[in-house]
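Below is one structure; the comments refer to it alone.
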Amino acid sequence: MAAVGGLPYPAPMPASPSPRALPSLRAALLAWYDGDHRDLPWRRTSDPWAVLVSEVMLQQTTVAAVTPYYERFMARWPTAADLARCEDDDLASEWSGLGYYRRARMLKQAALAVSERGMPVDRDGLRELPGVGDYTAAAVASIALGEPVAAVDGNVERVLCRLHALDGDPRKAAGRRVLRERAEALLDGARPGDFNQALMELGARVCRPKSPRCAECPLHAGCAARRSGEPERWPPPPKPTSWKAVTRVVIVADRRGRVLLGRRTESPNAGFLDLPGRDLLPGELDAAGDPRDGAGVLAQHLNREHGLVAEGLDPLPPHRHVITRHRILVLPFAASRLVGRPKGGVSFVDLAAASAPPTTATKRILSKSLPHVLHAPS
Ligand code: ADE
């Protein structure tokens, strides 16, 4: 903070670029993109269906993680009609590891709609497809159909908040409205798809959340946040997440290596295979307690829900993972014997021949646990 006559006063707000500066910023951004953009598989097509698939996948994770999934997916189901006919379990296998399986199910719904009614020809038509929101509709309309509409994803949001030093919260309606206005004003109407992807690319590679590379930025001359000397101050930080801690006991296998799995019926990952077990109730296991305390709860659960008597439950290495706002501590167990015929939606599964894929957490727990189960002294 600076001082006047000994009194501190806040630094003046850096000025946002004027409307007259926008054409040169637009041109600088497109020149940067033309010279230096990544050659990505969905940039080699103008098929709106393929672009839609890429955009749905890119909402899940990074470009690097999406690329092999996209290539396998499009080789297997090149058109909407192909995807509309796919087996749900095959879809789950191809999507496994990308996260949010619900998006894959919505994509299949969109494929059914497209194969019945044809591919929409503009943003408003795209917006009507199952699972397609404002961002995805605008991205596909601009990239594949050349419609001059701005597509504001998280990366673009950050670039625009910094360029204009916007203090409004982009997660609230008023902040989003201002962002949308700024995005539409900056858009290049002649090359909207390239322009939107240039902003996405700039956000991913240069205007990064931490340590932005301002010296390399084509918008450097106009950027209000850069001029402030503290570009990371924008956008305003999100409210801290209210985490929920969950501890879950699960059975992995018996000492013969037989793995017990059931299909999830609930989101997230409905349809995927999961290890049977349950969340501990408050008081059943305090955080500092001995994981062995979970064995009694698990034995009772297996008996009541799945008709099995679990003898000699031993704890295996714990596993931690995070889903949405839940921090989950999984306490896996192996049984020396599982007696009875499994019921209640679970069965002993040969992993190599399973009809559906396990959830990512299940795969990790199995790969960590099974060596302990199979090599334990009996
Ligand atoms: N993120 C979302 N859409 C993208 C695209 N088309 N290219 C690169 N990153 C993206």
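Since the model is a prediction, treat every value here as computed from it, not as a measurement.
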Do Leu83 and Trp49 pass the side-chain contact (heavy atoms from CB on, under 4.5 Å) test, and can you show the C-alpha distance, the side-chain angles, and the key distance before you say yes or no? CA-CA 11 Å; Leu83 186 65; Trp49 174 254; 3.7 Å; yes
Quick check for you: to the nearest 0.5 Å, what is the distance between [X] atom [atom1] and [Y] atom [atom2]?
X	Y	atom1	atom2	result
Phe348	Leu261	CZ	CG	10.0 Å
Leu331	Ile251	CG	CD1	12.5 Å
Leu366	Leu351	CG	CG	6.0 Å
Asp82	Ser115	CG	OG	9.5 Å
Arg182	His164	CZ	NE2	5.0 Å
Glu128	Arg117	CD	CZ	8.5 Å

Donor-acceptor pair, side chain of [X] and main chain of [Y], under 3.5 angstrom:
X	Y	result
Arg103	Val56	no
Ser24	Ala21	yes
Gln60	Gly99	yes

Derivation and outcome, side-chain hydrogen bond (donor to acceptor under 3.5 Å, both in side chains), residues Ser93 and Ser96: CA-CA 5 Å; Ser93 295; Ser96 170; over 6 Å; no
With under 30° as parallel and over 60° as perpendicular, where do the rings of Tyr33 and His37 fit, or are they tilted in between? parallel
Taking the side chain as every heavy atom from C-beta outward, state whether [X] and [Y] have any atom pair closer than 4.5 Å.
X	Y	answer
Pro358	Phe272	no
Leu275	Leu260	no
Glu55	Ile143	yes
Lys368	Ile365	no
Arg227	His220	no
Leu126	Asp122	no

In plain terms, say whether [X] and [Y] are close enough for a salt bridge, that is, a side-chain N and a carboxylate O under 4.0 Å apart.
X	Y	answer
Glu157	Arg180	no
Glu94	Arg76	yes
Asp188	Arg26	no
Arg258	Asp350	no
Arg85	Asp90	no
Arg248	Asp279	yes
Arg127	Asp134	yes
Asp88	Arg105	no
Asp169	Arg176	no
Glu232	Arg208	no
Arg44	Asp39	yes

For [X] versus [Y], what's the shortest heavy-atom pair and its separation?
X	Y	result
Ala354	Val349	CB-CG1, 3.8 Å
Leu281	Glu284	N-OE1, 2.7 Å
Pro268	Ile323	CG-CG2, 3.9 Å
Val149	Pro192	N-CB, 4.4 Å
Ala150	Leu187	N-CD2, 4.0 Å

Counting only heavy atoms not in [X], do more than 12 sit closer than 6.0 Å to its [atom1] atom?
X	atom1	value
Arg171	CZ	yes
Arg38	CZ	yes
Tyr135	OH	yes

Between His321 and His326, is the ring centre distance below 6.0 Å? no
Here's one to test your reading of the geometry: is the NZ or CZ of Arg162 within 45 degrees of the ring axis of Trp234 and under 6.0 Å from its centre? no
